[in-house]
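I have placed the structure first, in the form of structure tokens, so that the comments after it can refer back to it.
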Amino acid sequence: MTYKAEYIWIDGTTPTAKLRSKTRILADGAELPIWGFDGSSTNQAEGHASDRVLKPVASFPDPIRGGDDVLVMCEVFNIDGSAHESNTRAPLREVAERFAAQESLFGIEQEYTFFQGSRPLGFPEGGYPAPQGGYYCGVGADEIFGRPVVEKHLENCLAAGIGISGINAEVMPGQWEFQVGPLSPLEVSDHLWVARWLLYRTAEDFGISATLDAKPAKGDWNGAGAHTNFSTRKMRESYDAIIEAAESLGREDKPLEHIKHYGAGVESRLTGAHETAPWNEYSYGVSNRGASVRIPWQVEVDQKGYIEDRRPNANVDPYVVTRLIVDTCGSALEKAGLV
């Protein structure tokens, strides 16, 4: 007897990487082996030396094929054993290990937009729908588009063991959100990438595509983000640590360093309008969705909890955003003795 393993990896497409996958048939009970692929077809190699290596790092039950079949998240390596330059998980591993004692947790709010053809799902041909507002967490066929896909995606994520914690309709027709976490940096990133793969694969069966474009519809519409909620053990105990973390993200060159890696098209989304702060200004505030970083009101009341970095785009690489936040905040908290 055999089982199917769907090997999933992140390619070398720029400025926004794509997910790739292929199937391997394995004997029952067989360990997931290292595998290979043609990197010249994924923007990860030249044709004269095209072999690249897939190393399994996380496995999930396959909710689409069922049975004993699995989804396998992989890192990409060169044939000499070094991490490929497109492998953003490898540097996160090092940072996560360095600050492991701080027990960082993340929850990422993944926004995305359904398209059918060249228009967002729910946009009429040759025109525009009613202004945004009523669609957010709405109900009814006049305001909600794509719910069957969303519900099936939720079922698939749960069956796969993804740490998904909720879903909701967003402010534009055809725009939705799911949340993953709270989980450790590596876990939340692995789970989010596989949840994205499941989103694309689930929507495929409905003849619909999903995009993580930061500004899928021009004009007076919210963009799509991946608001990133973060805490350490000390932040979950102390408001001083909350303030230090928020302050650290705004010091010296940190704002621009982070923004540079927060996803393609970030300037088109972070305009200072539509519940965003300007991309080139840093701010934080309690209950302020117009700030770069929001401290939830309940956190101020409880004097402990987490912060929400509202700047990452929907198309951000979670391996990168979690690494940057752990490194910046972890270093500052360590220096301040708040660990």
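Given the structure is predicted, the values throughout are model-derived calculations rather than measurements. Side chains included, hydrogens not; waters and symmetry mates left out as well; all remaining heavy atoms used. Quick note: residue numbers are just sequence positions, from 1.
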- Task: Check the hydrophobic clustering (I, L, V, M, F, W, Y; side-chain heavy atoms under 4.5 Å; chains of links allowed) and say if Leu212 and Met73 are grouped together.
- Result: yes

- Message: Please tell me whether Glu334 and Ser331 have a donor and an acceptor in their side chains that are separated by less than 3.5 angstrom.
- Response: no

- Say whether Val321 and Leu105 are linked into one hydrophobic cluster, either directly or through other cluster members, by side-chain heavy-atom distances under 4.5 angstrom. no

- Distance-only polar pair, side chains of Tyr284 and Glu247, donor-acceptor under 3.5 Å: yes

- Message: Within the structure provided, determine whether Val171 and Tyr135 are in side-chain contact (heavy-atom separation under 4.5 Å).
- Response: no

- Measure across Ala214 and Pro216 and return the closest heavy-atom pair with its distance rounded to 0.1 Å. C-CD, 3.6 Å

- Message: If only side-chain N and O atoms count, and only distance matters, is there a donor-acceptor pair under 3.5 Å linking Gln179 with Glu177?
- Response: yes

- Message: Main chain of Gly39, side chain of Thr42: is a donor-acceptor contact present, judged purely on distance under 3.5 Å?
- Response: yes

- Message: Show every side chain to side chain donor-acceptor pair (under 3.5 Å) that has at least one partner inside residues 10-23, sequence neighbours left out.
- Response: Glu6-Ser21, Glu6-Thr23, Asp11-Thr13, Asp11-Arg20, Thr13-Asn43, Ser21-Trp197, Thr23-Arg65

- Query: Among the clusters formed by ILVMFWY side chains lying less than 4.5 Å apart, do Leu92 and Phe106 turn up in the same one?
  - Reply: yes

- Message: Whether the side chain of Lys304 engages the backbone of Asp240 through a donor-acceptor N/O pair (distance < 3.5 Å, no angle test) should be reported.
- Response: no

- Least distance between heavy atoms, Tyr7 atom then Pro33 atom: OH-O, 2.7 Å

- Task: Output yes when a side-chain donor or acceptor of Asp190 lies under 3.5 Å from a complementary backbone atom of Ala58, and no otherwise.
- Result: no

- Message: Angle between ring planes, Phe60 versus His191, binned at 30° and 60°: parallel, tilted or perpendicular?
- Response: perpendicular

- Looking only at non-hydrogen atoms, find the nearest pair between Pro129 and Gly122 and report the distance. CB-O, 4.3 Å

- Glu109 and Arg310: salt bridge (Lys or Arg N to Asp or Glu O under 4.0 Å), yes or no, with the steps? CA-CA 10 Å; Glu109 306 168 29; Arg310 297 180 56 79; 5.8 Å; no

- Query: Out of curiosity, does Phe99 fall in the hydrophobic cluster containing Val320 (side-chain heavy atoms, cut-off under 4.5 Å, transitive links)?
  - Reply: yes

- Side-chain H-bond candidate by donor/acceptor type, Asn156 with Thr202, under 3.5 Å: yes

- Is the Tyr262 to Trp279 ring centre distance short of 6.0 Å? no

- Ser86 versus Thr88: any side-chain heavy-atom pair under 4.5 Å? no

- Query: Is it true that Arg98 and Glu94 have a side-chain N and a carboxylate O under 4.0 angstrom from each other?
  - Reply: yes

- Co-membership, hydrophobic cluster, residues Leu54 and Leu186, 4.5 Å side-chain: no

- Task: Mark yes or no for whether Glu281, through its side chain, and Pro278, through its backbone, hold a donor-acceptor pair below 3.5 Å.
- Result: no

- Message: Donor-acceptor pair, distance only, cut-off 3.5 Å: does the side chain of Asn313 make one with the backbone of Val316?
- Response: no

- Taking atom CG of Leu158 as the centre, does the number of heavy atoms from other residues, nucleotides or ligands within less than 6.0 Å exceed 12? yes

- Query: Looking just at side-chain N and O atoms, do Glu170 and Asn168 make a donor-acceptor pair shorter than 3.5 Å?
  - Reply: yes

- Query: Would Tyr282 and His258 count as a close aromatic pair, with their ring centres under 6.0 Å?
  - Reply: no

- Item | Approximate separation, where rounding is to 0.5 Å, of Leu121 CG and Phe206 CZ | 11.5 Å

- Message: Looking at every heavy atom in both Ala210 and Tyr112, which two are closest together, and how far apart are they?
- Response: CB-CD1, 4.5 Å

- Task: Could you tell me whether Arg89 and Glu75 have a side-chain N and a carboxylate O separated by less than 4.0 Å?
- Result: yes

- Is there a side-chain contact between Leu19 and Tyr200 (heavy atoms, below 4.5 Å)? yes

- Message: For a quick check under 3.5 Å, do Tyr239 and Asp302 share a side-chain donor-acceptor pair by atom type?
- Response: no

- Message: For Glu46, is the CD atom crowded, meaning more than 12 foreign heavy atoms sit under 6.0 Å from it?
- Response: no

- Indicate yes or no for a side-chain donor-acceptor contact from Asp309 to the backbone of Thr228 under 3.5 Å, with no hydrogens or angles considered. no

- State, to 0.1 Å, how close Tyr306 and Ser231 come at their nearest heavy-atom pair, and which atoms those are. CB-CB, 3.8 Å

- Item | Heavy atoms from other residues, nucleotides or ligands near CD of Glu85 exceed 12 (cutoff 6.0 Å) | no

- Counting only heavy atoms not in Asp68, do more than 12 fall under 6.0 Å of its CG? no

- Message: Can you see whether Gln102 engages Ser104 through a side-chain donor-acceptor pair at a distance of less than 3.5 angstrom?
- Response: no

- Message: Is it the case that the side chain of Arg119 and the backbone of Pro124 share a donor-acceptor pair, with hydrogens and angles ignored and the cut-off at 3.5 Å?
- Response: yes

- Task: Using a strict cut-off of less than 4.0 Å between a Lys/Arg side-chain nitrogen and an Asp/Glu carboxylate oxygen, indicate whether Lys254 and Glu252 qualify as a salt bridge.
- Result: no

- Query: Would you say the side-chain atoms of Arg24 pair up with the backbone N or O of Leu32, donor to acceptor, closer than 3.5 Å?
  - Reply: no

- Are any non-hydrogen side-chain atoms of Phe145 and Phe114 less than 4.5 angstrom apart? no

- Taking the side chain from Arg233 and the backbone from Ala101, do they hold a donor-acceptor pair closer than 3.5 Å? yes

- Task: Give the minimum heavy-atom separation between Ser189 and Pro318, together with the two atoms involved.
- Result: OG-O, 3.2 Å

- Hey, are Asp38 and Ser40 close enough side-chain-wise for a donor-acceptor pair under 3.5 Å? yes

- Item | CG on Leu249 to OG on Ser292, rounded to 0.5 Å | 9.5 Å

